[in-house]
Every structure is written in C-alpha cells, then in structure tokens.
Amino acid sequence: DLAVAAEQLELINHNPPSWENNNPNPIPEPQNNNPNPQFVEKNFKQETRQIRSLLDQYRTRPDYYGPPWQLRRTFEPIHAERVTEWFFTQGGRGSLRSMGSRLQNILIASAIMSILYQLYGDRTRTLILADTPERLGEWRRGLQDCLGISRSDFGPNRGVVLFETPEALIQKGDRIMEEEDLPLIIMDQTDDKVSLSLLKFPLWLAFVSEQNSQSSYYY
C-alpha cells in the first residue's frame with residue numbers, strides 16, 4: 001500500500017537506484033574525493049550480482065569480526081528473503097512484514113545498510129524514525145552490535161541519524177538530497193499513519209506489524 005501511494009506522488013526528478021530494470025540506468029556511485037558527488041552509469045546486472053553475492057556471503061560465510069559497516073551476525077535464509085524482496089521486488093522502496101522482534105528487524109535493516117555501504121560508501125546516510133526514545137535506543141544498540149559501528153557513527157553529520165518526529169527527518173533528508181548524497185529512510189512506528197513526504201525519498205523501508213499487514217496505511 002505504501003508503494004502504491006508513493007507511485008501516485010508528484011515527485012521531483014531524482015534518479016534513485018533501481019534494481020528492477022533490466023536496462024542500464026544511472027546508478028549512484030560514491031566519488032570519495034569529490035565534495036559534490038556525481039552519479040555515473042553502471043551496468044544493472046553487475047549491481048545485481050554484487051548484491052546477491054553479498055547476501056550469499058552474509059548467509060554462508062558470516063564474519064563476526066569484520067570491518068565496521070559489514071554485517072557481523074548470523075544471517076538466516078528467512079532474513080535473506082526479506083532483504084531480497086526489498087531490493088528486487090520493491091526496488092528499494094517499500095514495507096516489509098515485521099519479524100515479530102525488533103532485534104530481528106534491525107538485523108534485516110543492518111544487512112540492507114551494509115549492502116548499500118558496499119555499493120555507495122559513506123554517501124549513504126541512514127535516517128531512522130521511531131516514536132519513542134526507548135525504541136531509538138534499541139536501534140542504536142542493535143546497529144552497533146550488527147554492524148560493528150560505534151556511538152561516533154550516530155549524529156546529525158554522521159552515518160546514522162535518529163528521529164522521533166517525521167518533520168525533523170524530512171528536513172534532514174532534503175538537505176542530504178541537496179548535497180547529492182543518498183538517504184535511506186527506515187520507519188519503525190506503532191502508529192499506522194505515515195507522512196506522504198517520507199515517501200518522496202529514493203530509498204525507504206517500513207516495518208509493518210502482523211496486525212497491520214492486511215490493512216492500509218493512513219497518510
């Protein structure tokens with residue numbers, strides 16, 4: 001339902017990464033020595049192979065002492081299925097049914113973040129929206145555990161930014177887009193109301209509880 005609503009929006013003309021089109025499309029790639037990153041055209045099949053290779057690595061050859069931003073936890077087939085759905089079925093913009101545990105949801109989000117970091121480096125900025133400080137604390141601790149990152153990786157100018165209100169997140173996301181970096185929006189809320197403005201960004205993920213998975217979101 002979120003994806004259908006997003007397709008009906010009048011959006012500004014960005015070229016978000018697409019994993020669904022078999023034709024070569026402009027795909028963002030980090031230019032680490034350039035303060036104004038540019039996006040260059042890459043081959044879609046090459047991106048797909050890289051994503052699937054990383055998923056296979058996480059599932060069959062876990063590295064519990066890998067470098068920061070690489071997934072460090074056991075990754076089961078069910079987790080790989082959810083990540084694959086988000087990339088290849090939803091094209092990086094959609095909702096996933098909750099695993100029933102926030103820690104399990106964080107593991108899935110961590111795998112997505114790790115893959116995006118491998119593809120686009122520190123151009124990827126993750127913005128997490130949760131409606132209580134306790135939930136945000138769980139996300140911070142969970143991401144530190146799954147990705148081997150530290151508290152210094154969280155902050156307004158860091159890799160991960162935490163928000164309790166959509167308005168503040170949207171403002172930050174707009175600034176990141178102006179800088180031509182790539183925001184990833186992750187939504188973890190008990191309320192089934194979602195601001196339409198959150199759906200304008202090129203990458204977003206929402207976790208839907210089992211009781212809400214059969215109903216529509218309100219905007």
Side-chain angles (χ1 to χ4, degrees), residues 2-3 6-7 13-34 37-97 99 104-128 142-143 145-149 153 159-160 176-177 180-186 199 201-207:
L2 285 171
E7 290 173 356
N13 185 22
H14 292 303
N15 290 318
S18 173
W19 295 277
E20 287 302 300
N21 195 333
N22 289 325
N23 296 321
N25 281 324
I27 300 287
E29 182 180 25
Q31 305 293 323
N32 293 328
N33 58 353
N34 188 345
Q38 300 295 317
F39 296 145
V40 300
E41 187 174 273
K42 289 189 64 178
N43 189 290
F44 165 75
K45 292 181 180 179
Q46 186 177 18
E47 291 276 342
T48 301
R49 284 196 298 270
Q50 188 173 358
I51 293 170
R52 293 192 182 279
S53 175
L54 287 168
L55 286 173
D56 183 66
Q57 173 188 325
Y58 297 160
R59 188 172 59 84
T60 62
R61 303 184 303 278
D63 185 354
Y64 302 114
Y65 302 98
W69 298 102
Q70 179 176 300
L71 191 67
R72 294 185 173 190
R73 288 293 169 259
T74 301
F75 197 65
E76 302 291 346
I78 189 172
H79 304 126
E81 289 174 6
R82 299 290 173 87
V83 176
T84 299
E85 177 184 349
W86 186 80
F87 273 109
F88 299 118
T89 302
Q90 300 178 343
R93 306 177 77 244
S95 59
L96 294 176
R97 188 172 68 256
M99 294 288 295
Q104 293 293 303
N105 292 344
I106 291 172
L107 176 60
I108 290 173
S110 296
I112 291 172
M113 292 169 62
S114 181
I115 290 171
L116 292 174
Y117 190 86
Q118 292 290 327
L119 293 175
Y120 309 122
D122 56 10
R123 294 290 186 260
T124 304
R125 303 286 302 281
T126 302
L127 311 182
I128 298 175
L143 292 176
D145 181 63
C146 290
L147 295 173
I149 58 179
D153 292 300
V160 183
I176 292 173
M177 293 294 293
E180 299 188 19
D181 284 345
L182 190 63
L184 166 65
I185 313 302
I186 298 178
L199 309 185
F201 294 106
L203 296 173
W204 57 265
L205 165 64
F207 287 100

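In this chain, numbering begins with 1 at the start of the sequence shown. Please read all numbers here as calculations on a predicted model, not as lab measurements.
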Novice: Could you pull out the closest heavy-atom pair between Pro183 and Leu127, with the gap in Å?
Specialist: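 Nearest pair, atom of Pro183 first, then Leu127: CB-CD1, 4.3 Å.
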
Novice: Report the residues that fulfil salt bridge (charged side-chain N to carboxylate O under 4.0 Å, His left out) with Arg82, sequence neighbours left out, ordered by chain and then residue number.
Specialist: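 Checked Arg82 against salt bridge (charged side-chain N to carboxylate O under 4.0 Å, His left out); zero matches.
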
Novice: Any non-hydrogen side-chain atom of Ser110 less than 4.5 Å from a side-chain atom of Leu143?
Specialist: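 The answer is yes; the side chains approach within 4.5 Å.
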
Novice: As an exercise, state the distance from CG of Asp181 to CG of Asp122, rounded to the nearest 0.5 Å.
Specialist: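 Going from the CG atom of Asp181 to the CG atom of Asp122 covers 8.0 Å.
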
Novice: To the nearest 0.5 Å, tell me how far Arg97 CZ sits from Ile108 CD1.
Specialist: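 Reported value, rounded in 0.5 Å steps: 9.5 Å.
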
Novice: Which atoms form the tightest heavy-atom contact between Pro68 and Gly148, and what is the distance?
Specialist: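 That closest heavy-atom pairing would be CB-O, 3.8 Å.
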
Novice: What residues form a side-chain hydrogen bond (donor to acceptor under 3.5 Å, both in side chains) with Tyr65, not counting sequence neighbours?
Specialist: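 Tyr65 satisfies side-chain hydrogen bond (donor to acceptor under 3.5 Å, both in side chains) with no other residue.
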
Novice: With rounding to the nearest 0.5 angstrom, report the CG to OG1 distance, Leu182 to Thr126.
Specialist: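 These two atoms lie 9.0 Å from each other.
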
Novice: Please identify each residue that fulfils side-chain hydrogen bond (donor to acceptor under 3.5 Å, both in side chains) with Ser53, with sequence neighbours left out.
Specialist: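 For Ser53 there are no side-chain hydrogen bond (donor to acceptor under 3.5 Å, both in side chains) partners, ignoring immediate neighbours.
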
Novice: Evaluate Leu184 against Phe201 for side-chain contact (heavy atoms from CB on, under 4.5 Å), listing each step before the verdict.
Specialist: CA-CA 8 Å; Leu184 166 65; Phe201 294 106; over 6 Å; no

Novice: Which donor-acceptor pairs under 3.5 Å do side chains of residues 112-119 form with protein atoms, sequence neighbours excluded?
Specialist:
residue: Ser114; atom: OG; partner: Tyr58; partner atom: OH; Å: 2.6
residue: Ser114; atom: OG; partner: Trp69; partner atom: O; Å: 2.8
residue: Ser114; atom: OG; partner: Leu71; partner atom: N; Å: 3.3

Novice: Can you confirm whether Arg59 sits close enough to His79 that some side-chain heavy atom of one is under 4.5 Å from a side-chain heavy atom of the other?
Specialist: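 The answer is no, as the side chains (C-beta and beyond) never meet within the 4.5 Å cut-off.
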
Novice: Please tell me if the side chains of Ile186 and Ile128 come closer than 4.5 Å, counting only heavy atoms from C-beta onward.
Specialist: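 They are in side-chain contact.
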
Novice: State, yes or no, whether a side-chain contact exists between Ile78 and Met99 at a heavy-atom distance under 4.5 Å.
Specialist: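 Side-chain contact under 4.5 Å: yes.
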
Novice: May I have the step-by-step check of side-chain contact (heavy atoms from CB on, under 4.5 Å) for Leu205 and Gln90, ending in yes or no?
Specialist: CA-CA 10 Å; Leu205 165 64; Gln90 300 178 343; 5.5 Å; no

Novice: Can you tell me how far the CH2 atom of Trp86 sits from the CG atom of Leu203, to the nearest 0.5 Å?
Specialist: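 Interatomic distance, Trp86 CH2 to Leu203 CG, rounded to 0.5 Å: 4.5 Å.
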
Novice: To the nearest 0.5 Å, what is the distance between OG1 (Thr48) and CD1 (Ile51)?
Specialist: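 Going from OG1 on Thr48 over to CD1 on Ile51, the span is 6.0 Å.
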
Novice: Counting C-beta onward and ignoring hydrogens, is there a side-chain heavy-atom pair between Leu55 and Phe75 closer than 4.5 Å?
Specialist: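 Leu55 reaches Phe75 side chain to side chain.
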
Novice: Can you list every pair that meets salt bridge (Lys or Arg N to Asp or Glu O under 4.0 Å) and has a residue in residues 63-79, with sequence neighbours left out?
Specialist: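 Found Arg73-Asp145.
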
